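Structure first, then comments.
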Amino acid sequence: MTTTPDELVRLAKEARGHAYVPYSGFSVGAALLCRDGKIYQGCNIENAAFGPTICAERTAFFKAVYDGEREFEAIAVVGGRAGEEITGLFPPCGVCRQVMREFCDLDFKLYLGREDNRWEERTLGELLPMSFSPADMR
Ligand code: THU
């Protein structure tokens with residue numbers, strides 16, 4: 001991988017600073033590494049109607065897919081109380097895991113940020129076992 005996990009987590013933290021979270025006060029940042037080396041950052045963007053809120057991971061994916069990206073290597077995700085340091089590991093929600101599965105194989109890597117610049121590595125297969133994927137549409 002051209003970008004190190006540490007760098008990807010750093011970019012996810014930077015993205016977290018862009019979050020629009022007037023309702024939850026919980027800011028999330030993501031940094032998505034494409035196979036061609038490009039990186040797309042995303043943050044959560046909330047809405048007064050709640051339902052239209054979008055997570056940081058999907059913001060990053062949809063930006064990348066719009067630009068024509070279809071192959072992805074890894075994503076770093078961090079979350080915590082807005083304006084505060086992160087205090088623990090942030091696991092992506094089920095909807096975002098399913099969006100990842102649309103475009104990624106089970107060996108897609110996730111770097112889940114935690115306190116003190118630490119992170120934990122997981123694969124999409126670990127987070128979404130027995131998943132429904134495009135290959136199942138037959
Ligand atoms: N959120 C994300 O950005 N990613 C996730 O995977 C789960 C939750 C956001 C949505 C909402 O703005 C806030 O975190 C609290 O749920």
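Counting convention: from 1, in listed order, for ligands and their atoms alike. Here the structure is a predicted model, which means the values were calculated and not measured.
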Self-check item: For atom 3 (O) of ligand 1, the protein heavy atom that lies nearest, with its residue and separation
Solution: Ala56 N, 3.0 Å
Quiz item: Checking side-chain contact (heavy atoms from CB on, under 4.5 Å) against Trp119, which of Leu112, Val9, Leu8 comes through?
Solution: Val9
Quiz item: Linking I/L/V/M/F/W/Y whenever their side-chain heavy atoms sit closer than 4.5 Å, directly or via other members, would Phe62 and Phe72 fall into one cluster?
Solution: yes
Quiz prompt | Atom indices of ligand 1, in the order listed, that fall short of 4.0 Å to a heavy atom of Phe26 | solution = 14 (O)
Exercise. Determine whether the side chains of Ser24 and Glu46 contain a donor N or O and an acceptor N or O closer than 3.5 Å.
Key: yes
Practice problem: Answer yes if a protein heavy atom lies under 4.0 Å from atom 14 (O) of ligand 1, otherwise answer no. | Solution: yes
Quiz prompt | Nearest neighbour of atom 4 (N) of ligand 1 from the list Arg16, Glu57, Glu46, on a heavy-atom basis | solution = Glu57
Quiz item: For ligand 1, is there an N or O atom under 3.5 Å from any N or O atom of Cys93?
Solution: yes
Exercise. Report yes or no: does Phe90 have a heavy atom closer than 4.0 Å to ligand 1?
Key: yes
Quiz item: Distance-only, no hydrogens or angles: does the Asp136 side chain make a donor-acceptor pair with backbone N or O of Ser133 under 3.5 Å?
Solution: yes
Quiz item: Roughly how far apart are Ile39 CD1 and Glu73 CD, rounded to 0.5 Å?
Solution: 10.0 Å
Quiz item: Short list, please: which atoms of ligand 1 are under 4.0 Å from a heavy atom of Pro92?
Solution: 6 (O)
Quiz item: Which residue owns the protein heavy atom closest to atom 1 (N) of ligand 1, what's the atom, and how far is it?
Solution: Cys55 SG, 3.6 Å
Self-check item: Contact partition for Ser24 relative to ligand 1, non-hydrogen atoms under 4.0 Å
Solution: side chain
Quiz item: Does the distance from a Lys or Arg side-chain N to an Asp or Glu carboxylate O, for Glu120 and Arg122, drop under 4.0 Å?
Solution: yes
Quiz item: Less than 6.0 Å separating the ring centroids of Phe61 and Tyr66?
Solution: no
Practice problem: Take Gln98 and Leu128 through the side chain to side chain contact (heavy atoms under 4.5 Å, CB included) test and state the conclusion after the steps. | Solution: CA-CA 8 Å; Gln98 186 64 36; Leu128 198 64; 3.9 Å; yes
Quiz item: What protein heavy atom is closest to atom 9 (C) of ligand 1, reported as residue, atom name and distance in Å?
Solution: Asn44 ND2, 3.4 Å
Quiz item: Which atoms of ligand 1 sit under 4.0 Å from any heavy atom of Thr53?
Solution: 12 (O)
